[in-house]
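Residue numbers start from 1 in every chain, and the chains themselves are labelled A, B, ... in the order their sequence lines are given, proteins ahead of strands.
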2 protein chains.
Amino acid sequence: MNVFMDYAAATPLDSDVLAAMQPYFAEKFYNPSSPYAPAVAVRREYDAAKSVIASIIGARSGEITMTAGATESINLAFGAGDGHVVVSNIEHQSVLSVAKRREHTLVSVDYNGRVDPVAIKRAIREDTWLVSVGLANSEIGTIQPISKIAEVIRQVRAERFAVGNATPLYLHSDASQGAGQLDLHVARLGVDMLTINAAKMYGPKQVGLLYAARSVKLQPQIVGGGQEQGLRSGTENVAGVIGMAAAFRKADAKRHGEVLRLRELRDAIQTKLCDVFPEAVISGHHKNRLAGHLHISFPGLDAERLVFGLESRNVYVATGSACAANKGTRSHVLTAIGLDDATADGSLRITLGKDTNPDAVEYAVDAITQEVHREMKRIGRV
Amino acid sequence: MNVFMDYAAATPLDSDVLAAMQPYFAEKFYNPSSPYAPAVAVRREYDAAKSVIASIIGARSGEITMTAGATESINLAFGAGDGHVVVSNIEHQSVLSVAKRREHTLVSVDYNGRVDPVAIKRAIREDTWLVSVGLANSEIGTIQPISKIAEVIRQVRAERFAVGNATPLYLHSDASQGAGQLDLHVARLGVDMLTINAAKMYGPKQVGLLYAARSVKLQPQIVGGGQEQGLRSGTENVAGVIGMAAAFRKADAKRHGEVLRLRELRDAIQTKLCDVFPEAVISGHHKNRLAGHLHISFPGLDAERLVFGLESRNVYVATGSACAANKGTRSHVLTAIGLDDATADGSLRITLGKDTNPDAVEYAVDAITQEVHREMKRIGRV
């Protein structure tokens, strides 16, 4: 049996999505800017795909800029203004990197990884133009109170208006980890900008978007032929955007059922492992957490050894976020929520997805139990 | 019969290329940064694909940054320094747009669209750090004397060294239109930076690269997880890069034969149309021109009407570059080579590619002849 439980790092392209993309590789390969009818048809189908995506998040097509994935989208969002920005201290590396190029304030989270909207309000200065908080954390799965933060933003805007401070204030959220599990409706979230990634919802890699409300004045990072209303030049990724629309539509339609299904499976893993290993530490908010997400630490063990042991049993899980994992550094997220080093270093991130079923769960729990026991024995703990 | 003759705007994905990409959509979908064996294998295969690409252009893998197409690559190249840049006045919109954001000098071309290396030398100032000239023009197909321009660059560097001017000077070339028809070996071209686009060589759209010699200090435009040696963050487009390698290898292997084949077909179209319409104007250098490229003007006619007439006969050609065509403005390239408005407005760009064969040529020549006659009749010219 092969058990992939690292859906937060990558998802396989759905076969329906690939089928939707397929015609655009060769048969309908035209440049959407070409004038003849088959190319004009491709332009229309590209625009229709953007409309599908827009309607899922309750936006207008013109408010969506397609990008090559979430990282570019985040960079584009942060380029929309100058001045001070506020981000949480558990943001993904792509948000932290771009924030650190600017004057910024990092807002701490609690031990569940939750950002307190009041702390956001305190961090906002007179010259703050952007607050960016990820919708759900990629390592521990904690879901942030974005609509509560949006309320804070509205309060500050009203206060600024009252004193004649004309500095705009926007709320951006990186929802890379949310699609298929969370509501991404921009009005319900209350965001001005939203980053979405096709690669995490069984869509193609290197396809993403930035939603930006019309009040936001985006500045193009990549200039040239003037595609995407001049905000992101380059011949359009037709197959990719068609694929993202198909993936998003499917993920959104299955969302409610999938959340219940994944939560049950995740809770089964969590309960079983905590029964056998009462010293295990679960991170992330107990309730406001992605349904398919389990971050579990075995204090004193070496997570990398566990990952490789599990790999030999064909169970694939992560030690932390894919980005941080590769660099041998301790996760900034686990430090931020106050995990001590011995606990952090023994952490597995187990993320479930569409092919996860009760058999896979049983197999994985068994493999993890055996590997954790083996490691404990090796270091003389039992 | 369906005759596509707009290969300079878009190329269909080659079936071998799609076959090479296919495993990476679902079966090998792993994030190359994940630690377990199947993901490590994907990392290795991704790196191998980059090596294939590097070896075709005579570069090291580490000198290549994968991007989402040519436009991003060009933007990345121009971000490698501050100060004055020199570009030709017939560059693609993506080069012109990025040059115009900086202090720049536009160098004029002759009526064949050729850049004079001496003119480049004259335009270089003490503070010039970058010269960018496209390898082959996308509208008229003229191939530039890049290695001659590289000699000029070397002279200027020597002169700067002699007087103690430490400003670096680099040569960049956008080779988007060259792959599969021209030698893209960086040492033979003498370039410090080179932009290549998979979408114009039967590879996937939105996949490209920037070659930059190790002496060039690129500045990342998109920051985050630190992929591509920190120069371009975002989870790698594994399928896309595998596809680009397969496409490039195939295009390069078939290059010599394909150039002869396309030139013969192109010359046949040119000869036949010029026989029937002696007033037709051929643009682009008669010899240093892309083999599959034909830019032909019928002075006084309306090229858009011709394109739509040809479309009704299932022959697909362009009026100008795909980017400019959509905007109803006159091509800056045709103005630069001195075509009068009446000639420019009657221009077709006919570009051949892998599915072009003698039957297609015969069909297209016949269709073009009839449409040109019809238009002439409509405006009372015959």
Side-chain angles (χ1 to χ4, degrees), chain A residues 6 9-15 18 25-27 29-31 33-39 67-72 74-75 92-95 97-98 101 199 204-207 221-226 233-240 304 307-308 310-311 316-319 322-323 325-327, chain B residues 6 9-15 18 25-27 29-31 33-39 67-72 74-75 92-95 97-98 101 199 204-207 221-226 233-240 304 307-308 310-311 316-319 322-323 325-327:
Chain A
D6 195 16
T11 58
L13 194 65
D14 182 276
S15 56
L18 182 55
F25 290 132
E27 181 198 331
F29 67 95
Y30 305 99
N31 189 322
S33 297
S34 292
Y36 31 80
T67 61
T71 303
E72 185 191 335
I74 291 162
N75 278 254
H92 188 272
Q93 204 52 52
S94 47
V95 169
S97 299
V98 80
R101 292 181 144 197
K205 285 190 176 65
Q206 283 268 321
V207 183
Q221 296 182 104
I222 299 175
V223 296
S233 290
T235 300
E236 294 86 347
N237 188 355
V238 179
E304 279 191 36
V307 165
F308 293 128
L310 288 169
E311 175 198 309
Y316 305 113
V317 302
T319 49
C323 290
N326 220 15
K327 285 177 203 141
Chain B
D6 195 16
T11 59
L13 194 64
D14 183 275
S15 56
L18 182 55
F25 290 132
E27 183 197 329
F29 68 94
Y30 305 99
N31 189 322
S33 297
S34 291
Y36 32 80
T67 61
T71 302
E72 185 189 337
I74 290 162
N75 278 255
H92 188 271
Q93 204 53 51
S94 48
V95 169
S97 300
V98 81
R101 291 182 146 198
K205 285 192 176 65
Q206 283 267 322
V207 183
Q221 297 182 103
I222 299 174
V223 297
S233 291
T235 300
E236 294 86 348
N237 187 355
V238 178
E304 279 191 37
V307 165
F308 293 129
L310 288 167
E311 174 198 308
Y316 306 113
V317 302
T319 49
C323 292
N326 221 14
K327 286 176 204 140

Legend entry - For chain B, the option from Ala10(A), Gly240(A), Pro12(A) that forms the most heavy-atom pairs under 4.5 Å: Pro12(A)
Inset, instruction - For each of Val238(A), Leu310(A), Leu18(A), Ile74(A), tally heavy-atom pairs with chain B at distances under 4.5 Å, and name the one with the top tally. - result: Leu18(A)
Portion of [X] that has a non-hydrogen atom of chain A nearer than 4.5 angstrom:
X: Tyr36(B); result: both
X: Thr67(B); result: neither
X: Ala199(B); result: neither
X: Val95(B); result: neither

Inset, instruction - Mind telling me whether Phe25(B) and Phe25(A) have parallel, tilted or perpendicular rings, with 30° and 60° as the class edges? - result: parallel
Inset, instruction - On the 0 to 90° scale, with breaks at 30° and 60°, tag the Tyr30(B)-Tyr316(A) ring pair as parallel, tilted or perpendicular. - result: perpendicular
Inset, instruction - Count the heavy-atom pairs under 4.5 Å between each of Gly69(B), Ala239(B), Ser233(B) and chain A, then report the option with the highest count. - result: Ser233(B)
Does any backbone or side-chain atom of [X] lie under 4.5 Å from a heavy atom of chain B? Answer side chain, backbone, both or neither.
X: Glu236(A); result: backbone
X: Ala37(A); result: both
X: Thr11(A); result: backbone

Inset, instruction - Give a yes or no answer on whether the side chain of Lys205(B) reaches the backbone of Asn31(A) with a donor-acceptor pair at less than 3.5 Å. - result: no
Legend entry - Gly224(A) backbone acceptor or donor facing Ser97(B) side chain under 3.5 Å: yes
Legend entry - Shortest non-hydrogen contact from Gln206(A) toward Ala68(B): OE1-CB, 4.3 Å
Legend entry - Any residue meeting side chain to side chain contact (heavy atoms under 4.5 Å, CB included) with Asn75(B), in chain and number order, not counting sequence neighbours: Ile222(A), Val223(A), Thr71(B), Val98(B), Gln221(B)
